[in-house]
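Please read the structure below before turning to the comments.
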Amino acid sequence: MSTPLIILIVLAIILVLMYNSLVAKKNQVDNIFASVDTQLKKRYDLIPNLVASVSKYMEHEKSILQEVTKLRADANKPNISDKQKIALDAQVTSALGSIMIAVENYPELKANENVMHLQSSLNEVEEQISAARRAYNQAVTDYNNAIEMIPTNFMANIMNYREKEVFVISEGERTNVDVKELFN
Amino acid sequence: MKTTSELTDFYYKTLFPTLETLEEDRKKLRQKIIKVGVFYTFIVVLLSLVFLSSHINFDIIVFLLFAYIGIGLFIYKMLIKDYTKDFKHSVIEPLIKEIDRNLSYTPELCVREHTFTRSKLYKKHIDRFRGNDYVRGTIDGIDIEFSDIHAEYRSKNSKNKSWHTIFQGLFIVSDFHKHFKGETIVLPDNAQSTFGDLIGNWLQSNNFARDELVKMDNPEFEKEFVVYSNDQVEARYVLTHTLMQRLLIFKKRSGHPLGVSFIGGNIYIAIEYNKDLFEPSIFHSLLKYKIAMEYVSTLHLAIGIIEELKLNQKIWSKQ
């Protein structure tokens, strides 16, 4: 076999490997985002029950309850982008955190079996969402690295792959989310 | 749970009369072992001189040496058998009961082989599986069992067969407080520490014997361990930031290589000590602080796993 032909074959193999690895990374991001979505949906399903159980008592926190209900309605709208989902998730996390902190001020609510059950369900979903977010962020980091690093960046450019956003949670929100600490 | 210093106090104060009796037995046994050893060696040397005087052959010398060590070990084990039994019954058992009354101790038994295999921590086929010092019970409503384990495989070459250790050390199985369906395995990170980040990572992600590589978002944990799982999200659901931190602390405390797996609602922990634990010391005094601390801290570490990793916090839906 002639040398140029060998070089051509090696080059073709490298290109195919690069192409496949980029596609695999992109699909991994989409696949894990589906898990995030499932967990977010689980949490949205809990919201009406939570609002119904606590609204009688929480006169002063009516605005937070209204906000969380509105956010849920926004999240359930069809055709919202992944970016919007990420933004809504951050807001819901923060609002739910505020509700959970407020629950602490109502002894009768804290002892209510229904609320306790909701708290533990939310706590678990929160933990699952956190896991899904972390998995998503890792997949996005791998993907973003691949489309920024040489030599895969050239291929990514041709394939029109663009950087994706990760879930960012501010430290303040992180403390709010840490509902489990409240239940100990 | 009692602290290690409380347990050391218990070892010296409450067990003192027993330790004194055992110490006397130990001294007598040591004398006996030395006498038997000298006599045995003398006989072997004498016999060797008679046989080897006519035809000196390297193979025969090697064979005799192996036979000398093999028979010697057998005699040694026979000599210490009763003393070992007494020691385990009067020192290890009270120590375990002192830590938690709900735990039962059987010196002769060990964690079952299929439980060990189910952990998927070691992939090699096991040819010989032994163990002892089996502890089983419930702490804060959490089932736990552990024992000493020695798993080996046999290799054969043209001349002889030899045994190789797959795992030797402490093997712990306990309930885990979360529901999960997948399998997540945490192993010591040998590849990255040997070959560096780039090649190590490449080797890890191409480990065909394992599931997918999971990169964890805790640099310290990533440095110490490598995680494989068949579910990227669930691996992170099980390994929260807090648990990763706790496992790092646990590894530091144990001071030995550590493997952890999460399978079928259980957590499996394998700590490689590469020696038989909870055995009585024959050539060092039982009253020595270092010897006492070894028994106490190993037991404390194994039983303390539930508190250490907060496995008793059933704040999740798993009740």
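All heavy atoms count here, side chains included; hydrogens, waters and symmetry mates do not. Not measured: the values here are computed from a predicted model. Throughout, protein chains are lettered first and strands after them, A, B, ... in sequence-line order, and every chain is numbered starting at 1.
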Can you establish whether the number of heavy atoms outside [X] located under 6.0 Å from its atom [atom1] is more than 12?
{"X": "B:Arg246", "atom1": "CZ", "value": "yes"}
{"X": "A:Lys70", "atom1": "NZ", "value": "no"}
{"X": "B:Arg118", "atom1": "CZ", "value": "yes"}
{"X": "A:Gln84", "atom1": "CD", "value": "yes"}
{"X": "B:Lys252", "atom1": "NZ", "value": "no"}
{"X": "A:Tyr57", "atom1": "OH", "value": "yes"}

Checklist entry - Where does A:Ser35 contact chain B at under 4.5 Å (heavy atoms): side chain, backbone, both or neither? => result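 A:Ser35 touches chain B through side-chain heavy atoms alone.
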Item to check | A:Gln39 versus chain B, the contacting section by heavy-atom distance below 4.5 Å | outcome: neither
Checklist entry - Would A:Gln138 and B:Gln232 satisfy side chain to side chain contact (heavy atoms under 4.5 Å, CB included), going step by step from the backbone distance to the final call? => result CA-CA 10 Å; A:Gln138 185 60 53; B:Gln232 290 278 340; 5.7 Å; no
Checklist entry - If you take all heavy atoms of A:Arg134 and B:Asp217, which pair is closest and at what distance? => result NE-OD2, 2.9 Å
Checklist entry - At what distance, to the nearest 0.5 angstrom, does CZ of B:Phe180 lie from CD of A:Gln128? => result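 Here the interatomic distance stands at 12.5 Å.
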Item to check | Interatomic distance, A:Ile32 atom CD1 to B:Arg236 atom CZ [nearest 0.5 angstrom] | outcome: 6.5 Å
Item to check | Stepwise side chain to side chain contact (heavy atoms under 4.5 Å, CB included) test for B:Lys215 and A:Asp142 | outcome: CA-CA 10 Å; B:Lys215 288 187 210 158; A:Asp142 285 347; 2.9 Å; yes
Item to check | Residue, of A:Ser130, A:Ser121, A:Ala131, that accumulates the most heavy atom pairs under 4.5 Å with chain B | outcome: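 Greatest number of close heavy-atom pairs with chain B: A:Ala131.
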